[in-house]
Amino acid sequence: MTITSPHLGSPKAWTDAQLLYALEEVVEKELNRHLKVAKDWMPHEYVPFSDGRNFPGQFEDGEAWAADQSKVTDIGKIALVVNLLTEDNLPSYHHEIASLFGRDGAWGTWVHRWTAEEGRHGIVMRDYLLTSRAVDPDKLEQFRMAHMAEGFESDNRHSMLHSVAYVAFQELATRVSHRNTGHQSGDPVCDRMLARIATDENLHMVFYRNLLGAAFELAPDLTMQAVRDVVVNFRMPGHGMPGFERAAAQMAIGEIYNMRIHHDDVIQPVLRFLKVLHIDGLGPEGLKAQDELGLYMGGLDTEASKFDEKLAARKARMAARAQA
């Protein structure tokens, strides 16, 4: 099946300002849809505060943290820290999208609404981690300070279209990471909390995905190039945090987020929904980007299959050792 998208002018015909204006009505429509389906929720209702107790410091009766005080699995703890530190950089994310999208009209209303909803995620995750004693609170704060002191700049800050394309995939990636972390956490309370967060992230993905679809109708060549660039160079927003590479490797082995999940559950669903690899009526640059995107996806699938084989072999070795 193909989609016919008229080739509207040369790549130089659209500036960020023109596209922002042209997409304003779509943003308003998607914002109104989002507000109808999004449900407000209270972070404190997802935290077992009755399980909490004082830490040493200002209270004489504080109990020191110990690794065995929480039921959360080791991989759950690693992923929760990565996910929370990613959420902690919300001020930088807000600054970037507010600078790109503006603070007025439907764009501005969305920027502020999105920021307010994302703020809940950091609140509830930190309260849960401290109350359940899942991680060392001192190290968690040290990581937060180090991560935020580094600052954050997106790889796509140079272009509104690239930014829209990136968040369409990134919001889904975050949703998948939260949901899988909940499944692997070993704690039903944690699983329920992260399922609530994942619901928000999915709605955010739908907003940006639909906006990306509208961009394809307006400027198919430019949008195709932006999607190619984003997919080929995709990095999670937490890549700059302390120890991210090691944590990411552990999360990959723990099947929270790896190449197979990235290919099957993040990139493919968005491309398939928008029928990106079947869009017709592209100019030379758009066709080139479409071909390169298709080739990249084939290569990613091959690499994911290699990872699958290694992971299966590792599981077999671990099972053999357990029976020995």
Side-chain angles (χ1 to χ4, degrees), residues 3 5-6 8-9 11-41 86-87 89-123 152-175 196-227 229-230 237 269-271 273-276 279:
I3 301 174
S5 295
L8 304 179
K12 295 181 180 179
W14 290 99
T15 64
D16 273 5
Q18 289 170 332
L19 279 169
L20 282 167
Y21 180 79
L23 290 168
E24 179 90 21
E25 288 187 10
V26 180
V27 172
E28 183 174 5
K29 174 186 174 183
E30 290 301 316
L31 172 63
N32 290 334
R33 181 199 55 75
H34 177 83
L35 294 175
K36 287 180 181 179
V37 298
K39 297 184 184 300
D40 280 340
W41 54 280
T86 299
E87 299 287 356
N89 253 334
L90 181 59
S92 291
Y93 310 149
H94 173 84
H95 173 75
E96 184 161 302
I97 66 171
S99 299
L100 280 167
F101 301 156
R103 294 175 172 83
D104 300 319
W107 280 105
T109 302
W110 167 254
V111 166
H112 297 307
R113 174 71 190 199
W114 175 87
T115 302
E117 291 184 3
E118 288 287 344
R120 288 179 178 143
H121 303 168
I123 291 169
F152 173 83
E153 287 188 339
S154 167
D155 298 329
N156 304 289
R157 61 190 180 280
H158 63 287
S159 159
M160 187 275 286
L161 263 183
H162 281 72
S163 294
V164 169
Y166 176 73
V167 289
F169 295 103
Q170 183 268 322
E171 291 284 4
L172 184 51
T174 305
R175 183 256 180 201
R196 177 59 259 188
I197 293 175
T199 298
D200 281 0
E201 302 290 9
N202 198 63
L203 290 177
H204 297 164
M205 178 278 293
V206 170
F207 178 95
Y208 286 119
R209 183 196 64 192
N210 292 350
L211 191 58
L212 186 62
F216 267 116
E217 294 180 7
L218 285 172
D221 284 347
L222 282 179
T223 306
M224 186 66 72
Q225 292 172 72
V227 169
D229 294 344
V230 163
V270 176
L271 296 182
F273 183 88
L274 297 176
K275 299 179 175 63
V276 173
I279 291 177

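Source: prediction; values computed, not measured.
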Sorted by chain and residue number, the ring pair (Phe, Tyr, Trp, His ring centres under 6.0 Å) partners of H162 (sequence neighbours excluded) come out as H158
d(H34 NE2, N210 CG) to nearest 0.5 Å is 12.0 Å
When rounded to the nearest 0.5 Å, the distance separating CD1 of I97 from OG of S163 is 9.5 Å
Those residues at least two apart in sequence (or on a different chain) that pass salt bridge (charged side-chain N to carboxylate O under 4.0 Å, His left out) with R196 are D200
Quick test of your reading of the model: are E25 and K29 salt-bridged, counting only N-O distances below 4.0 Å? no
Quiz item: Do L161 and W14 pass the side-chain contact (heavy atoms from CB on, under 4.5 Å) test, and can you show the C-alpha distance, the side-chain angles, and the key distance before you say yes or no?
Solution: CA-CA 10 Å; L161 263 183; W14 290 99; over 6 Å; no
One should read off an interatomic distance between I197 CD1 and N202 CG, to the nearest 0.5 angstrom, of 14.0 Å
Sequence neighbours excluded, the answer for ring pair (Phe, Tyr, Trp, His ring centres under 6.0 Å) partners of H94 is H112
Output for pair (E217 CD, L212 CG), nearest 0.5 Å, gives 11.0 Å
With sequence neighbours left out, the residues meeting ring pair (Phe, Tyr, Trp, His ring centres under 6.0 Å) with Y166 are F234
Cut-off 3.5 Å, side chains only: do W41 and E117 have a donor facing an acceptor?
no
Exercise answer: donor-acceptor pairs, residues 103-110 side-chain atoms, under 3.5 Å, sequence neighbours excluded:
from : atom 1 : to   : atom 2 : distance (Å)
W107 : NE1    : L20  : O      : 3.0
T109 : OG1    : G105 : O      : 3.1
W110 : NE1    : Y208 : OH     : 2.9

Query raised in the report: More than 12 foreign heavy atoms under 6.0 Å from CD of E28: is that the case here?
Result: no
* To do: Report the C-alpha distance between F169 and R209 in whole Å, list the side-chain angles of each, state the deciding distance to 0.1 Å, and finish with yes or no for side-chain contact (heavy atoms from CB on, under 4.5 Å).
  => CA-CA 8 Å; F169 295 103; R209 183 196 64 192; over 6 Å; no
The side chain to side chain donor-acceptor pair (under 3.5 Å) partners of E96 (sequence neighbours excluded) come to S154
